[in-house]
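What follows is a set of notes on a single structure, which appears directly below.
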Amino acid sequence: MFQKPQSRVPGADLLRIVTMLMILTSHFFVHGGVLGRLKPGTTYFYVCWIIEACCYVMVNCYALITGYFQSRTDFKLKKLLLLWGQIVFLSGGLYLILCIAGRVEFGWIAFLNAAFPITQKRYWFATAYVILYAISPLFNFAIRRMNRRQHAVCLAVLCGVFVVFRNFSYWIDFAALGGGYSWASLSVLYMIGAYLRLYPPKFRFPLLWYFGLSLITAASRIILTTLYYEYRFDSSFLKMFMQYNSIPVVAASVCLFVFFVNLDIKNHVVLWIIKVFSPAAFGVYLIHEQIEVKELIWPIINPTQYMKSPMLLPYLLLVIFALFVICALLDKLRHLLSVLLHVPQGIGFVSDKISAVFRKIFDKLVPDEGGNP
């Protein structure tokens, strides 16, 4: 059974940490150049693709968490502005720090791109996430007025169009979803997360289902890659069943999410780790994926140096945990600095003023029921 919704769900907060470790693992393989150099038939070819497939639920789980919690809370402009500010500060601030350190040559165009990361799509997920949060009141309005049957029909249509039919028409991205790299795909997962909160599913062994579905995802990529080396067809088909919005990945994401939300965590050490590191998980993403930082660190880490060594997987564990802790501490430092400078209070004041202005505009232009313009 699901836990009843509460202010904090330790399992969900733990999942934030786990998904960020998954993201770091995937980036180790992708940005580090490991997966692109693996050849079929080798041990690491199978091992690395299985690990990558197990990690591929990472983005989906984050969106499910958002839908689970945000669907029952009111939209806050202050939260949106704080989120925007965090992204801008880390993107632009890290660029300036690297320039001062002499690791990057300063340029006004590059600086402006770094200072406006959301509109410049420097982080695809951050851009999609901001859009998702900004339009979440529309989803919540619909969710609170739908009964269970209507919500289920809504999910059937959304998943049918954006997941199932997308898999069976893979050769043309008719909905411009970009393999799930879009706010539209996150929106579908948001609605699923809301449904899971309102109507807890009753199925056993969700973790086992997650691993089984992930193995199916891995098998699809392994088989297609093996066939690709034999027949050299369009390489885009290699991702046919291994994208964020593919059927097995979405299903595996739901199963892993169900498992974590149901966790009854009592261990005080684990609860302390969750309390300390879960709020910094998004900052870990923003720091290590900042473009100039990314281009700097992965050649230094250089995972391919261990591709033919039994040290590859131990090196993977060392790298992802080191990156997570370092980036989390840096984000903690950013948060402490913002508190010392009273940034949250300032943004709260600004958001209140903006809200008041827009409320007056709408009161004049848009009448309420039975009111006058």
Side-chain angles (χ1 to χ4, degrees), residues 1-27 51-73 83 125-126 128-129 132-133 136 180 185-186 188-201 203-214 217 244-245 248-286 288-289 317 320-321 323-325 327-328 331:
M1 293 292 293
F2 252 38
Q3 295 174 336
K4 293 181 180 180
Q6 47 189 317
S7 58
R8 302 307 307 175
V9 179
D13 287 334
L14 178 59
L15 182 57
R16 296 181 199 272
I17 297 174
V18 172
T19 53
M20 197 51 58
L21 291 172
M22 287 179 169
I23 289 172
L24 289 168
T25 299
S26 181
H27 290 169
I51 295 174
E52 174 73 358
C54 288
C55 292
Y56 231 69
V57 300
M58 49 199 177
V59 170
N60 292 357
C61 284
Y62 222 92
L64 288 169
I65 294 170
T66 303
Y68 186 85
F69 289 107
Q70 183 58 34
S71 62
R72 65 178 179 182
T73 60
L83 177 63
F125 178 74
Y129 191 78
L132 176 65
Y133 184 77
S136 62
S185 289
L186 296 187
V188 175
L189 293 159
Y190 183 98
M191 296 295 288
I192 295 174
Y195 186 89
L196 294 175
R197 175 181 66 84
L198 291 168
Y199 315 107
F203 66 92
R204 301 174 65 187
F205 312 117
L207 190 62
L208 186 62
W209 278 102
Y210 155 72
F211 280 118
L213 290 162
S214 295
T217 302
Y244 296 137
N245 60 341
V249 174
V250 172
S253 304
V254 171
C255 292
L256 188 64
F257 176 79
V258 168
F259 171 76
F260 271 93
V261 172
N262 279 291
L263 279 180
D264 185 17
I265 301 174
K266 301 293 186 182
N267 187 282
H268 293 292
V269 175
V270 176
L271 290 172
W272 178 84
I273 292 173
I274 293 171
K275 181 180 179 180
V276 171
F277 289 102
S278 181
F282 188 61
V284 173
Y285 164 76
L286 294 174
H288 91 277
E289 270 292 275
L317 294 176
I320 63 173
F321 281 108
L323 280 177
F324 183 89
V325 172
C327 294
D331 190 65

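Remember, it's a predicted structure, so these values are computed and weren't measured experimentally.
Separating the OG atom in Ser26 from the CD1 atom in Ile51 is a distance of 11.5 Å, to the nearest 0.5 Å. For the atom pair CZ of Phe321 and OG1 of Thr25, the computed distance is 8.0 Å after rounding to the nearest 0.5 Å. Atoms CG and CG, on Leu189 and Leu132 in that order, are 9.0 Å from each other to the nearest 0.5 Å. Rounding to the nearest 0.5 Å places SG of Cys327 at 7.0 Å from CG of Leu24. The line from CG of Leu198 to OH of Tyr68 is 9.5 Å long, rounded to the nearest 0.5 Å. In this structure, Ile65 CD1 and Leu15 CG are separated by 4.0 Å, a value rounded to the nearest 0.5 Å.
Val9 is listed as a side-chain neighbour of Phe69, based on a closest heavy-atom distance under 4.5 Å. Contact check for Asp331 versus Val284: no side-chain heavy atoms found under the 4.5 Å cut-off. Proximity of Tyr244 to Met58: side-chain heavy atoms (C-beta onward) are separated by under 4.5 Å at one or more points. With a 4.5 Å cut-off on side-chain heavy atoms, Tyr133 and Thr66 do not count as touching. At a threshold of 4.5 Å between non-hydrogen side-chain atoms, the residues Asn60 and Thr19 do not count as touching. When side chains are defined from C-beta on, Leu196 counts as touching Pro201, because their heavy atoms get closer than 4.5 Å. Taking the side chain as every heavy atom from C-beta outward, Ile17 and Met20 never approach each other to under 4.5 Å.
The ring pair (Phe, Tyr, Trp, His ring centres under 6.0 Å) test applied to His288 returns His27, not counting sequence neighbours. Under the rule for a ring pair (Phe, Tyr, Trp, His ring centres under 6.0 Å), the partners of Tyr129 that lie at least two apart in sequence or sit in another chain are Phe125, Phe282. Looking at residues two or more places apart in sequence or on another chain, you find no salt bridge (charged side-chain N to carboxylate O under 4.0 Å, His left out) involving Glu52. Applying the ring pair (Phe, Tyr, Trp, His ring centres under 6.0 Å) test to Tyr199 and every residue at least two apart in sequence or in another chain returns Tyr195. Remark: Val325 pairs with Leu329 by the side-chain contact (heavy atoms from CB on, under 4.5 Å) rule, at least two apart or across chains.
Contact record, Val249 with Tyr56: CG1-O, 3.5 Å, taken as the closest heavy-atom pair. Annotation for Ala53 and Ser214: closest pair CB-O, 3.5 Å, computed over non-hydrogen atoms. Looking at every heavy atom in both residues, Ile320 comes nearest to Leu21 through O-CD2, 4.2 Å. When all heavy atoms are compared, the tightest approach of Leu263 to Gly11 is CB-CA, 4.4 Å.
Aromatic rings of Tyr285 and Tyr62 (six-membered ring for Trp) have centroids beyond the 6.0 Å cut-off, not under it.
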Enumerate donor-acceptor pairs with a distance under 3.5 Å from any side-chain N or O in residues 206-213 to protein atoms, sequence neighbours excluded.
from   : atom 1 : to    : atom 2 : distance (Å)
Tyr210 : OH     : Cys54 : O      : 2.5

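Side-chain atoms of Ser278 never come within 3.5 Å of backbone atoms of Lys275 as a donor-acceptor pair (strictly under, hydrogens ignored).
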